[in-house]
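Input: a single structure, listed below in structure tokens.
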Amino acid sequence: MQIETALLIGVLFACATYLILQNSFVKILFGFIVLSNAANLLLLSMSGAPDGREAPIAGQGAGPMVDPLPQALILTAIVIGFGVTAYLVVLLYRLFLDQKTTNAAELYADQDTSEHT
Amino acid sequence: MTLALFIALGLPLLLGPLLGPLERVFGRRVGWVAFGAPVLATAALLWLAREVGLPGSRVIEFPWIPSLGINLSFLLDGLSLFFALVVSGMGVLVFWYANFYLDDHYEHHGRFYAYLTLFMAAMLGTVLANNLMLLFVFWELTGITSFLLIGFLHEEESSRVGARQALLITGFTGLLLLAGVLMVRQVGGSFDLSVLLHEGLPVGEHRGWLTAAMLLMLLGAFGKSAQFPFHFWLPNAMAAPTPVSAYLHSATMVKLGVFLSARLFPLFNEQELWAPLLSWVAFGTMVLGAVLALQSHDLKAILAFSTISQLGYLIGYYGLGPARGVEYDYLHILNHVFYKGGLFMIAGVVIHSTGIQDIRQLGGLWRRLPWLGAACAVSAATMAGVIGTTGFLSKEMMLKEIFEAMRPHGALGAYAAGCVLVTSVVKVAFAARFFTNVFLGPEPSAVKEHFHAPPLALQLPAVLLATAAVVFGLAPMLLDRPLHALSVAGLHHPSDHLALWHGVTLELAVSTGVLLAGAGLYAWGQRTHWRWARISPALRFDAFFEAGVGVFSKFTKWLTRALQADRPVSYLPLILVFTLVVVGGWTARALAMEWRVFNWLATATGENGDWLRAFAAALISLAVVGVVLLKQWTTQLISLSIAGFLTTFYFVLYRAPDLALTQILVEVVTLILVLVLLGRFPRSAERGEHTWRPPPLRRALNLSLALGVGGLMTALVLWINARPAAGRIGDWFPAHTEALAEGTNTVNTILVDFRGFDTLGEITVLLIATLGALGLLMRYKRTPEEYRQGPLGPAGMGLHHPEEGKQ
Amino acid sequence: MMGPQSYIFERLVRVVFFLVNMVALYLLLRGHNWPGGGFIAGLASASSLILLSLALGIAAMPRILRFDPVRLAAAGLLVAALTGAAPLLAGRPFLEHFHTHLHRVPLLGDVHVGTPLLFDLGVYLLVVGIACKLIFVLAQSTQGLRALVAEEERRYSSPLEQPLEETAGPDDGKERTDAD
């Protein structure tokens, strides 16, 4: 059983969702990074509890090995996640250069209900 | 026979696209290359008509999508060959006419003839098709080519509007036809007309379906033939060059509705809705069209409205036809082709040589164009139904049948008779007006100024058509044999011989009365100078239609704006709520079904939990919650990085050394990247963040959504892990990695060998993302000034460093 | 992004750069049998280059690298794709790999080599290329978009280029304006 992993995934997803729902584009970026971490861990949890298992290097110990497939998937996911994060970073930069703001509420001030304090 | 069919149908289809490039070689004379298409098609069709062995029929079939019952199947019988010959024969005249009409004032001759040739092929395909799906495809192709032809002079607003209206109306009603075709297929079990006509449609329980199918297919016919309420597109389609109007909008395309009615007649004429629907709509359109023609002043508009009227007459005729079959439909159609095609060409010549379209500004052209005047006199007389022309024959037969039909059809018959009488009177009036006001009377100065003589060859087709109207009108027995041979079982009832003089009958009396009444109406109109003739705004359906289109486009814009917001805050909650309700509800239901859920939770926690993992998980959670709670960007980023590095540790605990290595390196690079980004932002931007606070309600919503998503994911992970899979594909890889991939690191062998293709795709995506990011930075419009300064920008640009300057 | 102008730091970074790349090479070569591989090695090399750019200054990087990192990435993709496509010439399936054992190679002894290494090399080059390019380009853009575009245009644009349209572009506030 992986109750601690499940709880961790829940916390990560909750925080990512909360961050992505913010007005600040920087927070949305952070939320996205957290989200990709959460998704990676979710995939990892699918390989089952690692207790008493070996790393997936064949020909070492005689013991059972953990499932390598989620690991391969996550490895590509991490790198793709980096690519997308980089894209978002550049997007954010460009947005700031053009619009002089990093806040969706300010960008759409005409249709926003947020209070400007 | 296949060869002949190919020459008639395939050759124009192949030739069409070539005409555009050929223009470069032949210039204007490309029209004469295109002229070959209708000539060859006519010859091939005549040969086919001889070979088929009329009045029999023949089916030629090539497989296309046999699994769906859709084939390139062609039905050669009297009806299809009659229409095909009308199309190709009229094509010969129109292509000839177009070659003289489209002088050097027009551009893109190649394109024009390409459209026209493709249109002719589409027409031939429609009328020759045996498979209803094939018929639909060609049907829509005629709509598309007609759209291109109407919009040929696309620099003019009226052309574009007319083309759009025509496309929307005929395209939309074409889709109704498709729906009808599919219903017929469901009920009748075949797309093939030959099968359907032979076996008939089943009756009984499918009654409702059949009625619906008939309604839909007839709506398709009404749309194409510009019947009420779709009649308004045809006058606006007159923005096309006149050869197009003469071909598409009088002689061929608009007759597709007539053709479809004739084709469906044997299938549906027993339906109780058939006669009332066709008669009420078509005869009503007939009167409406005639009245509108009387009220118009534009040459082509008069002809367009009279075409609508005549099409109503032709379609309504099938509605009143007795079950044993109709008799003289070919005569009516031919008559219409003779005079309406001729009149359109005459109008074209007049417009071509004077540049005037308004009938009120024309007059006295007889002296300048005697041949054309004579042709016009004959054509107008044919339209009016004067004795000695085919128009007279047509009207006699029509009146005869209407009077016969009055008795069995009761009120409907009386309505039809009334409509025909009114229309005939009005038709006489505007036919007379058309001829006299263009060719007789004094010559206005505008005509004197603008007139330049048209070549005789341009007038030839109109003269030929007028001659035909007179010859067949005086010697109707010439038509007997071919029309008899072309008759189709089920549709036609063997007719009496046509004759010029039937003796003094009721029809003759009525006919004479109609002529006199029409002459009276004309005389009154001339006396009042047609000042009262104005189309009332209530009848301007095209204006209503355009308004409707405008409202629709506004509505779609509104809908798009409403559904597709720019900011995640406005649409994400909706998506998340939906996910929570659907996935969450489903999960909850699945969990509730397992009563052992508490029991199972107990075992889950009771198991020897890994305290090291729990510790790491707690630290990661703490760091990530820190990202949410902390205020400063930098501290948030640090917290985020800590979480990332701790995740590395978590990967180690899960026996994933590759992941741990990757994660730690990616974390480093991401940290640098985000740091660089945050360094770009001024302090003011970060302070500005805190000045915008969402309303409390929104924050509560965000929080509950976040907690909901978190809870759902936890539940999902636990639930999925509670039921171990029967077999894991993952166990296969370590067992075979050495034998198949000659490597021991299974993760790596999966990446480069087992699933190498995925990796290849993934690195491609990485490169694309990078190029996209570069594009974001590079792409902006330079001002002309900047451009002149060259790529290096103004002096000092690029050396200036804001941070240094500030310090 | 200007690094700290410190001689010690610069010297140290040069050593570290060398070491990290040795490790990266090791990770790349052993990837098939032990933890490592193209992604990891690529990220390691990329971080070493980024570190170097911190020490020597971003402006020095083009001189050191002599080529645009994005070309490295493209070359990597090409290598990987060609490795995959090569078996097609022999009528074998796409991406089939081949292995061979070399016996008694001087210094190394028995060596196992195969086309997966080539594929991994492609991945490695691509990852190095994109990671470096993204960081460099963002770091270079301190002076606003225009300087960056000027820099890139010097490299790529054709002298025959014509202005797209003679309309007024965005206002002249492109450069970073700090209210502070």
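In what follows, chains carry the letters A, B, and so on, assigned in the order in which the sequence lines appear, proteins first and then strands, with residues in each chain numbered from 1. These numbers were taken from a predicted model, which means no experiment stands behind them.
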Checked B/Ala660, B/Ala773, B/Gly743, B/Ala656 vs chain C; the most non-hydrogen pairs under 4.5 Å come from B/Gly743
side-chain contact (heavy atoms from CB on, under 4.5 Å) assessment of C/Trp34 paired with B/Asn745: CA-CA 5 Å; C/Trp34 297 97; B/Asn745 181 4; 5.8 Å; no
From [X] atom [atom1] to [Y] atom [atom2], the distance as rounded to the nearest 0.5 Å:
X	Y	atom1	atom2	result
B/Thr662	C/Leu43	OG1	CG	7.0 Å
C/Leu77	B/Ile763	CG	CD1	5.0 Å
B/Ile672	C/Leu51	CD1	CG	7.5 Å
B/Thr770	C/Leu134	OG1	CG	4.5 Å
B/Leu766	C/Ile130	CG	CD1	4.0 Å
C/Phe98	B/Glu742	CZ	CD	11.5 Å

If one checks every heavy atom of C/Leu126 against chain B at 4.5 Å, the contacting part turns out to be side chain
C/His32 side chain to B/Asn748 side chain, donor-acceptor N/O pair below 3.5 angstrom: yes
Check whether any side-chain N or O of C/His97 sits under 3.5 Å from a backbone N or O of B/Val752 as a donor-acceptor pair, and report yes or no. yes
Apply the test side-chain contact (heavy atoms from CB on, under 4.5 Å) to residues B/Leu665 and C/Phe39: give CA-CA distance (whole Å), side-chain angles for both, the deciding distance (0.1 Å), then the verdict. CA-CA 10 Å; B/Leu665 289 166; C/Phe39 284 113; over 6 Å; no
Closest approach of C/Ala73 to B/Leu767 (non-hydrogen atoms, all atoms of both residues): CB-CD1, 3.6 Å
